[in-house]
*Asks:* 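Input: one structure, supplied below.
The sequence lines fix the lettering, A, B, ..., with proteins before strands; numbering per chain opens at 1.
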2 protein chains.
Amino acid sequence: MTGSRRDHLMEVARDLFMEHGFHGTGIDRILGEAGVSKKTLYTHFRSKDELILAVLKQHDSAFRNSFMRQVEQKSSEPRDRLMAIFDVAEAWFDAPNFFGCVFINAVGEYSAEDTPVRSACRDYKKQITDFIIRLAKDADVKEPKVLGDQLSLLLEGAIVTAQVSDKEQAVWAAKSAASVLIDKAFQGYVKVA
Amino acid sequence: MTGSRRDHLMEVARDLFMEHGFHGTGIDRILGEAGVSKKTLYTHFRSKDELILAVLKQHDSAFRNSFMRQVEQKSSEPRDRLMAIFDVAEAWFDAPNFFGCVFINAVGEYSAEDTPVRSACRDYKKQITDFIIRLAKDADVKEPKVLGDQLSLLLEGAIVTAQVSDKEQAVWAAKSAASVLIDKAFQGYVKVA
DNA sequence: ACGAAAGGAAACAGATCTGTTTCCTTGGCG
DNA sequence: CGCCAAGGAAACAGATCTGTTTCCTTTCGT
């Protein structure tokens, strides 16, 4: 089992990065909580920065796939899947170790534009948005990109609001707004007086 | 001028915290860029944490008041002011030194709930949301709290999206979604077909 | 002009950070 | 059994961090 130490190290590192940030999490603490020695860290990763990047890329694929799968399992009806995004988000927010989106948090600490970390964060967000646009396309709305971008914005807003202020308010506002935007995107509305 | 050194120090600190985060910004760098000695820092503030908190509270009042004033100056029509939120946000995003919302970034680094930093961030967000709800009330929509929470969510989402991915997409999606939600809140819509 | 206060420069202390190296243990496989 | 690679423990180096202290200069009010 050579990969299991590496995987475990990355899991612990990810959890600590989420909770205390990247600059706020020292290597010694990661190693201590992972029960792993410095030697192991530096045989698997060149530096802390490389560990950070590896954690982000791993989380990108694992979390995103889990998120998409959960949304798709909520319903087979494309339109319902658009709303299911926020049910899945709600469950995520309610997890005991929810500390917001690690990519959003990362960008708050690394502002330089042309940087591996920033690229990883942009990639993640783009793929989430693309997934939502895909759902909108499957639902045959008129302008799937418009709706996808709107729902994506709502999701980001909900994540941040759940993190900073209030999870229930975030979920409720997101769901009610999403409902209005989705209905509108199906364009069955006409103004009355 | 005794307060001017203190004010200047806080300005420089705020800019660096925004760009590089709180743990990522050392005191020496702040002092170097502010052209101020350590002695001055520690006569005005007990610790770096106290400086951080002072910066957040100062920014809370200054930025928030500026934001609200700009929105109110955009129009005297309550309904237009709701949309004006996103015009003001757009100008903010386009500023050369836009690095997202410092309060969102702070929460990414300080996760402990019962903490002065977290309280300051919650307070800020609550006051922004209350301001938007107030605008909604002035516009005489049926459920101002619902619309206020929705628009607040859109604003947060736009901030984060502008920071991580794309300013134009963020602004466009926010404005189009806000328009739909505001129209809906004026309840002149009825489902057809 | 004189005294007091403010602040700059810099040394210093002690902690913590990343990263390297050394030495020893342990466990797996031929 | 015996060998060897993997990894733990810990010392170590060098940088950087927060915070204190000392000494000297400047400046401002009376």
*Asks:* With B:Arg64 as the cation and B:Tyr124 as the aromatic partner, state whether NZ or CZ is under 6.0 Å from the six-membered ring centre and within 45° of the axis.
*Replies:* no
*Asks:* Heavy atoms only, 4.0 Å cut-off, all strands: where does A:Gly24 land among base, sugar-phosphate and nothing?
*Replies:* nothing
*Asks:* Given D:dT18, C:dT18, D:dG8, which nucleotide is nearest the side-chain atoms of A:Arg5?
*Replies:* D:dG8
*Asks:* Atom CG of B:Asp28 and atom P of D:dA15: how far apart are they, to the nearest Å?
*Replies:* 15 Å
*Asks:* Closest to the A:Lys48 side chain: D:dT18, C:dT18, C:dG7?
*Replies:* C:dT18
*Asks:* Does any non-hydrogen side-chain atom of A:Leu154 lie less than 4.5 Å from one of A:Lys175?
*Replies:* no
*Asks:* Around atom CD of B:Glu77, are there more than 12 heavy atoms of other residues, nucleotides or ligands at under 6.0 Å?
*Replies:* yes
*Asks:* I need the NE2-P distance between B:His44 and C:dA5, as an integer number of Å.
*Replies:* 16 Å
*Asks:* Rounded to whole angstrom units, what separation is found between the CZ atom of A:Arg6 and the C1' atom of D:dG8?
*Replies:* 20 Å
*Asks:* Answer yes or no: is there a side-chain heavy-atom contact under 4.5 Å between B:Phe63 and B:Gln58?
*Replies:* no
*Asks:* Which letter, B, S or -, goes with each nucleotide of nucleotides 23-29 of chain D from 5' to 3', with contact meaning a protein heavy atom under 4.0 Å?
*Replies:* B------
*Asks:* Answer with yes or no whether the hydrophobic clustering places A:Ile133 together with A:Leu151; edges join I, L, V, M, F, W, Y residues whose side-chain heavy atoms lie under 4.5 Å apart.
*Replies:* no
*Asks:* Measure the distance from CD on B:Glu50 to P on D:dG19 and round it to the nearest whole Å.
*Replies:* 10 Å
*Asks:* Between B:Phe17 and B:His23, does a ring pair (Phe, Tyr, Trp, His ring centres under 6.0 Å) hold up when you go through it step by step?
*Replies:* CA-CA 8 Å; B:Phe17 289 150; B:His23 291 101; 9.9 Å; no
*Asks:* Write down the distance between CD1 (A:Ile52) and P (C:dC17), rounded to a whole number of angstrom.
*Replies:* 13 Å
*Asks:* For the ring pair B:Trp92 and B:Phe86, is the centre-to-centre distance below 6.0 Å?
*Replies:* no
*Asks:* Side-chain contact test, heavy atoms from C-beta onward, threshold under 4.5 Å: evaluate it for B:Leu56 versus B:Phe103 and give yes or no.
*Replies:* yes
*Asks:* Atom CD1 of A:Ile27 and atom C1' of D:dA10: how far apart are they, to the nearest Å?
*Replies:* 16 Å
*Asks:* Over how many whole Å does the gap from B:Leu51 atom CG to D:dC17 atom P extend?
*Replies:* 15 Å
*Asks:* By nearest heavy atom, map A:Tyr42 and B:Thr40 onto DNA chain C; which one lands nearer the 5' end?
*Replies:* B:Thr40
*Asks:* Looking at every strand, decide which applies to A:Ser47 at a 4.0 Å heavy-atom threshold: base, sugar-phosphate, or nothing.
*Replies:* sugar-phosphate
*Asks:* Fill in the dot-bracket string of DNA chain D, one character per base: . for unpaired, | for a pair to another strand, ( ) or [ ] for pairs within the strand, taking Watson-Crick or G-U pairs under 3.5 Å.
*Replies:* ||||||||||||||||||||||||||||||
*Asks:* Mind calculating the distance between CG (A:Leu41) and P (D:dA9) to the nearest angstrom?
*Replies:* 14 Å
*Asks:* With heavy-atom distances below 4.5 Å as the criterion, would you say the side chains of B:Leu9 and B:His44 are in contact?
*Replies:* no
*Asks:* Considering only heavy atoms and no angle criterion, is a donor-acceptor pair shorter than 3.5 Å present between the side chain of B:Lys38 and the base of C:dG8?
*Replies:* no
